[in-house]
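Chain identifiers are assigned alphabetically (A, B, ...) following the order of the sequence lines, protein sequences preceding nucleic acid strands; residue numbering begins at 1 within each chain.
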There are 2 protein chains.
Amino acid sequence: MKDVARHAGVSISTVSYVLNDSGPVAPDRRARVLDAVRVLDYAPNESARRLKRRSASTVGLVVPDLANQFFALVAEGVAAAASARDVLVVLCAPEATEQPSHHAGLLRSQRVDGVICLSGTGTTAGSLLDLARIGPVVLVDEQIPGFDMPAVISDGRRGAREIGRHVLQHGHSRLAVIGGPTQLWTSGQRLAGYREALAAAGRDPDDVPVYVGDYRQRSGTELAKAALAGPPDIRPTALLCANDLMAIGALEYCRSVGLRVPEDVSIVGFDDLPMAALLTPRLTTVRQPAREMGHRAASLLFELLGDKPNGAGDGMFPVELQIRDSAGPPAS
Amino acid sequence: MKDVARHAGVSISTVSYVLNDSGPVAPDRRARVLDAVRVLDYAPNESARRLKRRSASTVGLVVPDLANQFFALVAEGVAAAASARDVLVVLCAPEATEQPSHHAGLLRSQRVDGVICLSGTGTTAGSLLDLARIGPVVLVDEQIPGFDMPAVISDGRRGAREIGRHVLQHGHSRLAVIGGPTQLWTSGQRLAGYREALAAAGRDPDDVPVYVGDYRQRSGTELAKAALAGPPDIRPTALLCANDLMAIGALEYCRSVGLRVPEDVSIVGFDDLPMAALLTPRLTTVRQPAREMGHRAASLLFELLGDKPNGAGDGMFPVELQIRDSAGPPAS
DNA sequence: TTGTAAGCGTTATCAG
DNA sequence: CTGATAACGCTTACAA
C-alpha cells in the first residue's frame, strides 16, 4: 500500500480512501491511485484490514458429511449466496472422531463473523454454545429446544406425516421405522410425523418398532436387515426411512436377499436426493429444497450480521411428497 | 492477550512465548498463563497473527460443482487432511456466470497460503495464472500443458482404454462418445483412451462421433438424444460417456424413450460415484478414488508449503474398471 | 481535499 | 528467563 501511495505520488491514506470510497478524493488523484494499483498488481491484505475493522467478511460452514448429497447441496446454496456478497466461506468438516469444540475454537480464532451449522451427529447443545460465542449461528435443519437460535428448517413433520399416510393407504399392517440419531431435531420431527400418521389411521404408534440409525447408507442396510429378520408373516411390509441414504441402504439389503420392492416390502425415504428418482424402483420420498435452504441460511446470517433485511425470515420451507414406485400395496 | 498478561501477572511477551512455545518460560509462570487463558476464555486473534507471521494456515479450495458427488468427495478428502493439521479451508464455488479471476482476487486478499483447484469448466490457463500468484496451486484431475503445476491425477487414459476395450469386446460395431468439455484435460485423456481402445481393436477412431457435453447430467440426456436419433440400424449400440453424471443422463433418456440398457444400447460412465452401483442397470464404469485424491492433494500442498515431506508425490492414482450391468452385447 | 499519526493484536528482537 | 518495544498493513480521527 505504501508502494501504491509512492507510485501514485499521494499519501497512504489517500490510497485507503479510494480503495474504500471512504473519503473525498480528487478525480485525478483517484485515477492515479487506481492506476498504481493496477500497475503494481496490488491486493489489499485482508488480515490487516480485519485487524482494524472488527469484521472479517467471512462465515464458517460446519458440515458433517459432504458425501451426503443433501449437505453438499446446502453447502452449494451457502457458497452461492456468500459469493454474491463477496464473503468468504470457511469449510469445517468435523470428523466423528474429533472434539466438536475443536472446530469451534479454530473458527473463533479466525474471527469469522458468524457460522452456519448443518445438522449432524456432532450437534450437541455444548458445541453449539461454543459456536455461539463466535457470533451469530444459523442452524440448518436443526433446532435445539431451549436455545432458540435462528434456523432454516423445512416442515419435516408434515412431510413425514404425509408419506406415512401414503404408505398406510396401501394397507400395510406391519411397519417399521428406520429413524435418524435420536439427538437430532429432524429425527424427532420425522418420527413425530410418522406417529401422527399412524394415529390418524387409528393405529397405535407404539406398535411400530423404531430402529435408530445414523442417516448413513450403511446403517440403512444394517437396520433393514434387523427389521426384516423374522419370517414373512411377521416381518414388516413397509419401512419408513428417515432419510434417502438409509432408504437406499435398505433397498440394497432387500436386493441382496431377493426381497422385491415394493411387492415384498415398501420403502420410503426423506430428502429427495437427485438420485432418488434414478433408482429402481424409483424412490418414493419427501422433497426438501436443499440448495434453497442453504441460500436462505446464508442470507439470514448476513441479515443478522447487519446487512439490510433481505426478507430471509426463518420460516419453514414447505416440503413435497414425491410419489414414485418404491411404496405400494403389500403382496399378500 | 493484554488481559491474559495482566491476569497472570506477567508481561505480554511471556504470554506469547507460552502460547507458541517460542521461548523459555518458568514452569510456574507458564501455568499461571495457561490458567489465565482458560479463565478469560482467550482465543488468539488469527488476523493479527497472520499479519505478523506471513502465513495463514489456510488454503483455498476451488470447486466448480458441489452437486457432482465426485467433487464433493474430493472436497471431503481435502477437508479431512486440512483438519488434521489445523489448517482452514476456504471454499470457493465459482458460478459459471462470474469472472474466474474474481475468486482468485478474493483468495489472494485473504493471503491463503495455497490453493487446491478442482478441474472444472472455469479452469483456464489465465485463471490458473491468477491463482498461481497467490502461492502454490495444486490441481486435481487437471493438468495444463506447458504450465507444469503439481497435480493429483488418476490414470484416466488407461481407464478409458480399458472400459473402451470392455465395450468393444461385446462386439459393438457402432459407438458414440459423449465427452467432457474440450478444454479440460480429463476430457482429452479419456477421449484418447477411447481412441486407443478403438485402434487396438482395429477400428478407425475417427469413425466414432464425439458429442461434447459439460459433465453434467442434463447434457448426458441431451447428447444421448442427439446420438441416438437415427433409425435402429444406424444408431450407435454403445455410448461411451466421459463421466457418470452424463452416463446417468443418458440412462434417463433411454428409459424415457423405452430403449433397453444394455440390450438396445450399452452405456458406460467414468468416476464410479457411490450411486453408480445402485442404478438399474448397475452402471459399468471406472473407479477414481475421489476422497483419497483430495487427501493427497492437500498433503501435497502442505508439503509444497514447507511441511516435512509426507510422501505425497504427485503420482498418478490407479483407476479400476468396475464391470457391472450397463454394458453388454448388442441385441441384434 | 489531503496528510499525519495512533492504534488494531501479535510476534520477535534485544536488552536486562 | 523476562519484559519493553518495534514492526506487520491497514483504517480513521484529526489537523492542515
Side-chain angles (χ1 to χ4, degrees), chain A residues 1-37 40-58 86 88 105-113 133-135, chain B residues 1-37 40-58 86 88 105-113 134-135 306:
Chain A
M1 188 156 160
K2 224 181 321 193
D3 294 346
V4 173
R6 188 171 35 238
H7 190 98
V10 301
S11 88
I12 190 173
S13 45
T14 301
V15 176
S16 176
Y17 292 149
V18 352
L19 258 33
N20 302 290
D21 272 337
S22 52
V25 175
D28 56 322
R29 301 187 140 228
R30 143 169 278 115
R32 291 226 305 282
V33 169
L34 260 17
D35 201 58
V37 165
L40 299 177
D41 192 29
Y42 164 82
N45 182 325
E46 283 299 327
S47 302
R49 224 176 224 195
R50 314 229 269 244
L51 187 55
K52 195 88 249 269
R53 335 208 265 226
R54 271 86 181 321
S55 126
S57 279
T58 300
D86 279 7
L88 252 36
L106 244 50
L107 252 18
R108 191 153 79 104
S109 279
Q110 288 304 319
R111 299 294 191 269
V112 298
D113 300 314
R133 291 185 315 187
I134 298 176
Chain B
M1 189 158 160
K2 222 180 324 189
D3 293 347
V4 172
R6 188 170 36 236
H7 191 98
V10 301
S11 87
I12 190 173
S13 40
T14 301
V15 175
S16 177
Y17 292 148
V18 354
L19 258 34
N20 302 290
D21 272 335
S22 53
V25 175
D28 58 321
R29 306 190 132 226
R30 146 170 275 114
R32 291 225 306 282
V33 169
L34 259 17
D35 201 59
V37 165
L40 298 177
D41 192 28
Y42 164 81
N45 182 325
E46 282 300 326
S47 301
R49 231 179 217 190
R50 315 229 268 242
L51 184 56
K52 195 89 247 279
R53 336 209 264 224
R54 269 83 189 322
S55 124
S57 279
T58 301
D86 278 9
L88 251 36
L106 244 50
L107 252 19
R108 190 153 80 104
S109 279
Q110 287 304 317
R111 298 292 192 271
V112 297
D113 300 313
I134 297 176

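Atom P of nucleotide C:dG9 and atom CD of A:Q110 are separated by 16 Å, given to the nearest angstrom. Atom CZ of A:R53 is separated from atom P of D:dG9 by 17 Å (rounded to the nearest Å). Nucleotide D:dC1 holds its P atom 18 Å from the CG atom of B:N20, rounded to whole Å. Atom NZ in A:K2 sits roughly 14 Å away from atom C1' in C:dT4 (whole-Å rounding). Taking atom CZ on B:R32 and atom P on D:dT2, their separation rounds to 9 Å, with Å as the unit. Counting to the nearest Å, the P atom of D:dA4 and the CE atom of B:M1 are 13 Å from each other. What separates CZ of B:R50 from P of D:dC8 is a distance of 18 Å, to the nearest Å. Between the CD atom of B:E46 and the P atom of D:dG9 there is a distance of 17 Å, rounded to whole Å.
The side chain of A:R111 approaches C:dT10 more closely than any other nucleotide in the set D:dT2, C:dT10, D:dT11. When the nucleotides C:dC8, D:dT2, C:dT11 are ranked by their closest atom to the side chain of B:Y17, D:dT2 comes out on top. Side-chain proximity of A:A26 to the nucleotides D:dC1, C:dA12, C:dT2 is greatest for C:dT2. Checked against C:dC8, C:dT10, D:dT2, the side chain of A:L51 finds its nearest nucleotide in C:dC8. Each of C:dT11, C:dG9, D:dT11 was ranked by its minimum atom distance to the side chain of B:R49; first place goes to C:dT11. When each of D:dC10, C:dT10, C:dT2 is scored by its nearest atom to the side-chain atoms of A:T14, the top-ranked nucleotide is C:dT2.
Between A:R30 and A:D21 there is a salt bridge, with a side-chain nitrogen of the basic residue lying less than 4.0 Å from a carboxylate oxygen of the acidic one. Contact check on A:D35 versus A:R32 returns no salt bridge, with no Lys/Arg side-chain nitrogen under 4.0 Å from an Asp/Glu carboxylate oxygen.
Each of A:S11 and B:N45 has a nearest nucleotide on DNA chain C; the 5'-most of these lies closest to A:S11. Along DNA chain D, the nucleotide nearest to B:V25 and the one nearest to A:S13 differ in position, and the one closer to the 5' end is contacted by B:V25.
Side chain of A:S109 to backbone of B:P44: a donor-acceptor contact under 3.5 angstrom is found. Between the side chain of A:D113 and the main chain of A:A56, a donor-acceptor pair closer than 3.5 Å is present.
Atoms CG and CG, from B:D3 and B:D41 in turn, are 12.0 Å apart once rounded to the nearest 0.5 Å.
Among the protein residues, B:I12 comes within range of the nucleic acid bases, having at least one heavy atom under 4.0 Å from a base atom. Nucleic acid contact for A:R54: sugar-phosphate only, since backbone atoms but no base atoms lie under 4.0 Å from a heavy atom of the residue.
For D:dA7, its base sits under 3.5 Å from the side chain of B:K52 at one donor and acceptor pair at least.
Between C:dT2 and A:R29, a contact under 4.0 Å exists linking OP1 or OP2 to a side-chain N or O. Contact annotation: B:Y42 side-chain N/O to C:dT10 OP1/OP2 distance is under 4.0 Å.
Residue A:R49 comes nearest to A:L19 through the heavy atom pair NH2-CB, 4.5 Å, listed as atom of the first residue, atom of the second, then distance.
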